[in-house]
**Q** 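Before I ask anything, here is the structure I am working with.
Order of appearance sets the numbers: ligands from 1, and atoms from 1 within every ligand. Below, all heavy atoms of this structure are taken into account, side chains as well, without hydrogens, waters or symmetry copies.
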Amino acid sequence: MTLSGEQVQRARAFARRGSGGPLWYFLRGFVKHPVMVGSIIPSSKVLIDKMLAPVDWANCKLFVEYGPGVGTFTQHILDRLAPDAILLTIDTNADFTQYLNGKFRDSRLRAVTGSAADVREIMGNFGFDHADYILSGLPFSTLPAGIGPKIAEETAAAIRPGGAFLVYQFSPKVREFIAPHFERIDKGFEWINIPPATLFWAWKD
Ligand SMILES: C[S@@+](CC[C@H](N)C(=O)[O-])C[C@H]1O[C@@H](n2cnc3c(N)ncnc32)[C@H](O)[C@@H]1O
């Protein structure tokens, strides 16, 4: 989403005033790193339910979430996750990691500051050599050069056969990054989100 100069000024003023709530953290993250955060509005509940619907939760021991931000998806993943499973969140923004660790008191959550491009190394630090599902709301098309392809390649190597890469994105261009690495890609669209988003479920057969 592109903001006008006036909108950026207003967002900055709001973020400076501060309240400590999730919207304030999200706005502050956006103002500090607009290219990395990508969107100024967290995902809608309708989008979250649709994105997570195909997950086989009974056979999910490790779920990885890239770019959790202030945890808009995180609680919904924890609500569905088995008691003995792990949710590993990876965000480049340390403010968001700190916020998640304060917000969620759930022993299944591992919130890490790092890049999705290092997913296998980060999973390895927690004793996992594969993930069942990986979710991404990363702004692929605005990430620094080379990062999108690296994340797509690393993600495909990290997911077990039968698992999937779940991607929601405002630009359908993300398909170009993931298509070389996945055998089957299902596509959806959700209007009830700001802005409306394209959804992909990329399966490892
Ligand atoms: C559009 S926000 C998504 C927020 C949230 N998941 C939602 O649905 O509302 C994108 C997030 O990706 C994070 N991010 C950007 N590049 C990243 C990378 N290479 N690895 C992990 N996180 C990254 C940003 O810090 C930001 O929190």
Side-chain angles (χ1 to χ4, degrees), residues 1-3 11 15 21-53 55 63-80 87-104 109-123 125 131 133-156 158 165-174 177-178 188 190 192-200:
M1 169 187 277
T2 309
L3 296 181
L23 181 61
W24 176 73
Y25 260 88
F26 198 77
L27 267 177
R28 200 175 71 157
F30 183 84
V31 167
K32 280 167 95 172
H33 308 285
V35 170
M36 303 293 263
V37 173
S39 166
I40 199 162
I41 313 266
S43 300
S44 74
K45 171 78 164 53
V46 181
L47 181 138
I48 292 169
D49 288 343
K50 188 181 271 189
M51 188 82 265
L52 297 179
V55 174
F63 192 106
V64 179
E65 180 184 8
Y66 294 159
V70 292
T72 315
F73 265 82
T74 310
Q75 184 62 60
H76 299 279
I77 298 166
L78 290 169
D79 289 345
R80 292 161 166 86
L87 167 58
L88 172 63
T89 65
I90 304 173
D91 204 301
T92 43
N93 187 328
D95 289 344
F96 288 149
T97 306
Q98 190 189 357
Y99 178 80
L100 291 190
N101 280 322
K103 177 176 176 182
F104 297 104
L109 177 66
R110 309 281 184 276
V112 170
T113 301
S115 172
D118 301 319
V119 59
R120 284 193 294 167
E121 186 189 331
I122 295 169
M123 280 166 36
N125 294 340
Y133 295 89
I134 298 183
L135 169 73
S136 167
L138 301 181
F140 264 84
S141 43
T142 64
L143 290 177
I147 298 292
K150 173 91 191 309
I151 292 173
E153 190 183 340
E154 279 290 305
T155 301
F165 188 27
L166 319 178
V167 182
Y168 56 101
Q169 191 82 135
F170 314 125
S171 157
K173 214 173 143 39
V174 66
F177 292 94
I178 59 178
E190 185 48 63
I192 307 174
N193 193 67
I194 305 174
T198 306
L199 284 61
F200 295 101

**Q** For Phe63, check ring-ring contact (aromatic ring centres under 6.0 Å, His included) against everything at least two apart and list the hits.
**A** Trp57
**Q** I'd like to know whether ligand 1 has Gly114 as a neighbour, heavy-atom separation below 4.0 Å.
**A** yes
**Q** Under 3.5 Å between any N/O of Tyr168 and any N/O of ligand 1: does that happen in this structure?
**A** yes
**Q** Just to be sure I read this right, does ligand 1 sit under 4.0 Å from the backbone of Asp91, its side chain, both, or neither, counting only heavy atoms?
**A** both
**Q** Just to be sure I'm reading this right: ignoring hydrogens, which of Ala94, Gly67, Ser44 gets closest to atom 4 (C) of ligand 1? Compare them by their nearest heavy atoms.
**A** Gly67
**Q** Could you tell me which atoms of ligand 1, counted from 1 in the order shown, lie closer than 4.0 angstrom to a heavy atom of Gly69?
**A** 27 (O)
**Q** Which atoms of ligand 1 have any heavy atom of Phe73 under 4.0 Å away?
**A** 8 (O)
**Q** For the pair Phe177 and Phe140, name the ring-plane relationship: parallel under 30°, tilted 30 to 60°, perpendicular over 60°.
**A** tilted
**Q** By ring-ring contact (aromatic ring centres under 6.0 Å, His included), which residues pair with Phe104, not counting sequence neighbours?
**A** none
**Q** Does a donor on one side chain and an acceptor on the other come within less than 3.5 Å for Glu121 and Asn125?
**A** no
**Q** What atoms in ligand 1 come closer than 4.0 Å to a heavy atom of Leu143?
**A** 16 (N)
**Q** Based purely on interatomic distance, does Asn93 place a nitrogen or oxygen under 3.5 Å from a nitrogen or oxygen of ligand 1?
**A** no
**Q** I want to check something: taking the side chain as every heavy atom from C-beta on, are His76 and Lys45 in contact at a cut-off of under 4.5 Å?
**A** yes
**Q** Report yes or no: does a heavy atom of Tyr66 sit under 4.0 Å from some atom of ligand 1?
**A** no
**Q** Return yes or no for this condition: an N or O of Ala116 is under 3.5 Å from an N or O of ligand 1.
**A** yes
**Q** Which part of Ala117 is near ligand 1, with near meaning a heavy atom under 4.0 Å away: side chain, backbone, both or neither?
**A** neither
**Q** Going by the order shown, which atoms of ligand 1 are within less than 4.0 Å of some heavy atom of Thr92?
**A** 14 (N), 15 (C), 16 (N), 17 (C), 18 (C), 19 (N), 20 (N), 21 (C), 22 (N), 23 (C), 25 (O)
